[in-house]
Amino acid sequence: MRIAVVPGSFDPITKGHMDIILRAKDLFDKVIVLVVINTEKKPAFTPEERVIMIEKVTQGYNNIITDCFDGLLVDYVERVGACAIVKGLRAVSDFEYEFQMALYNKRLYEPAETVFLTTSTENLYLSSSGVKQIAAFGRDISDFVPQEICEEIYQRLYKKKGE
């Protein structure tokens with residue numbers, strides 16, 4: 001069985017993330033969407049909340065599961081026997097960082113390959129931080145996140161004046 005891990009903070013998951021996840025599910029037998037805890041980021045949602053949101057938007061896909069991990073990605077990849085780490089790329093700046101990470105991961109766990117998928121053009125600009133900022137000012141985020149979790153994100157992030 002060919003297992004791939006799609007890691008990210010997913011705070012929150014966007015349509016751009018979903019594009020990469022759904023394309024990966026067609027390339028691998030099993031896809032694990034992995035919420036990786038990044039201590040350098042200040043998340044709006046707990047890891048458990050992010051897992052629940054991902055599960056909501058991926059239900060119905062038999063070969064997609066969700067998990068959470070606090071540690072080196074490559075340790076998780078080795079533990080589950082994955083053959084690939086799938087990363088989405090929006091721009092050259094993404095590639096520079098992700099290429100370096102791919103080299104580290106290959107050195108630490110040789111069997112796993114990093115597979116880069118370029119984002120669809122309609123999602124080139126999407127980022128979780130951009131979505132959070134738009135929602136915080138009370139603007140519509142439905143073009144940027146899956147419909148199933150849109151209201152939940154908006155309710156958490158919208159800061160009404162005077163609050």
Side-chain angles (χ1 to χ4, degrees), residues 2-38 40-69 73 77 82-103 105 112-159:
R2 294 173 312 131
I3 301 170
V5 175
V6 181
S9 55
F10 305 107
D11 186 47
I13 189 167
T14 69
K15 288 183 177 180
H17 293 129
M18 286 301 297
D19 174 47
I20 299 301
I21 293 164
L22 295 178
R23 288 165 51 208
K25 80 163 180 55
D26 293 334
L27 299 172
F28 297 94
D29 301 315
K30 179 179 179 181
V31 172
I32 303 170
V33 182
L34 184 67
V35 174
V36 180
I37 299 167
N38 184 340
E40 295 180 14
K41 293 185 177 182
K42 290 192 164 217
F45 298 91
T46 68
E48 296 78 19
E49 289 171 325
R50 288 179 264 162
V51 166
I52 290 167
M53 283 192 283
I54 295 165
E55 288 173 343
K56 278 184 191 176
V57 300
T58 59
Q59 68 183 3
Y61 298 105
N62 296 333
N63 66 332
I64 298 175
I65 65 166
T66 308
D67 202 357
C68 184
F69 187 67
L73 170 62
V77 169
C83 66
I85 299 165
V86 176
K87 301 294 288 197
L89 297 176
R90 293 173 295 191
V92 172
S93 58
D94 286 348
F95 178 76
E96 291 172 5
Y97 173 78
E98 296 298 349
F99 181 69
Q100 184 179 24
M101 292 300 102
L103 294 174
N105 290 334
E113 295 292 341
T114 298
V115 176
F116 295 112
L117 297 178
T118 55
T119 191
S120 300
T121 53
E122 64 267 19
N123 297 318
L124 275 173
Y125 61 91
L126 274 182
S127 71
S128 293
S129 57
V131 168
K132 287 188 281 192
Q133 186 173 18
I134 293 165
F137 284 97
R139 297 297 303 265
D140 183 13
I141 57 170
S142 61
D143 285 342
F144 314 126
V145 299
Q147 196 61 45
E148 300 93 327
I149 59 171
C150 188
E151 187 61 27
E152 179 180 349
I153 295 166
Y154 181 76
Q155 290 297 323
R156 167 69 58 89
L157 299 175
Y158 178 43
K159 309 287 189 242

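Taken to the nearest 0.5 Å, the NE2 atom of H17 stands 14.0 Å off from the NZ atom of K15. Put simply, CG on L157 and CD1 on I134 are 11.0 Å apart, with the number rounded to the nearest 0.5 Å. Between I85 atom CD1 and L34 atom CG the span is 10.0 Å, to the nearest 0.5 Å. Atom CD of Q133 sits about 13.0 Å away from atom CD1 of I141, to the nearest 0.5 Å. Summarising the geometry, atom CZ belonging to R90 is positioned 10.0 Å from atom CG belonging to N123; distances are rounded to the nearest 0.5 Å. In this structure, the separation between CD on E55 and CD1 on I64 is 11.5 Å, given to the nearest 0.5 Å.
Evaluation of the ring-ring contact (aromatic ring centres under 6.0 Å, His included) test over residues 120-143, restricted to residues two or more places apart or in two chains, returns none. Within the structure, side-chain hydrogen bond (donor to acceptor under 3.5 Å, both in side chains) contacts touching residues 23-32 (residues at least two apart or in different chains) are D19-R23.
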Step by step, work out the side chain to side chain contact (heavy atoms under 4.5 Å, CB included) result for I21 and I13.
CA-CA 11 Å; I21 293 164; I13 189 167; 3.9 Å; yes
Walk me through it: do S142 and Q147 pass the test side chain to side chain contact (heavy atoms under 4.5 Å, CB included)?
CA-CA 6 Å; S142 61; Q147 196 61 45; 4.0 Å; yes
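None of E151, E152, E49, E148 except one satisfies the salt bridge (charged side-chain N to carboxylate O under 4.0 Å, His left out) rule with K56; the exception is E152.
Here the side chain of N63 pairs a donor or acceptor atom with the backbone of F28 at under 3.5 angstrom. Without hydrogens or angle criteria, R156 side chain to A44 main chain gives a donor-acceptor distance under 3.5 Å. A donor-acceptor pair is defined here as one N or O able to donate and one able to accept, closer than 3.5 Å; such a pair exists between the side chain of S128 and the backbone of P12.
E122 CD: more than 12 foreign heavy atoms inside a 6.0 Å radius.
A pairwise comparison of heavy atoms in A82 and A112 identifies O-CB, 4.2 Å as the closest pair.
We find that K87 and E98 are joined by a salt bridge, their nearest charged nitrogen and carboxylate oxygen being less than 4.0 Å apart.
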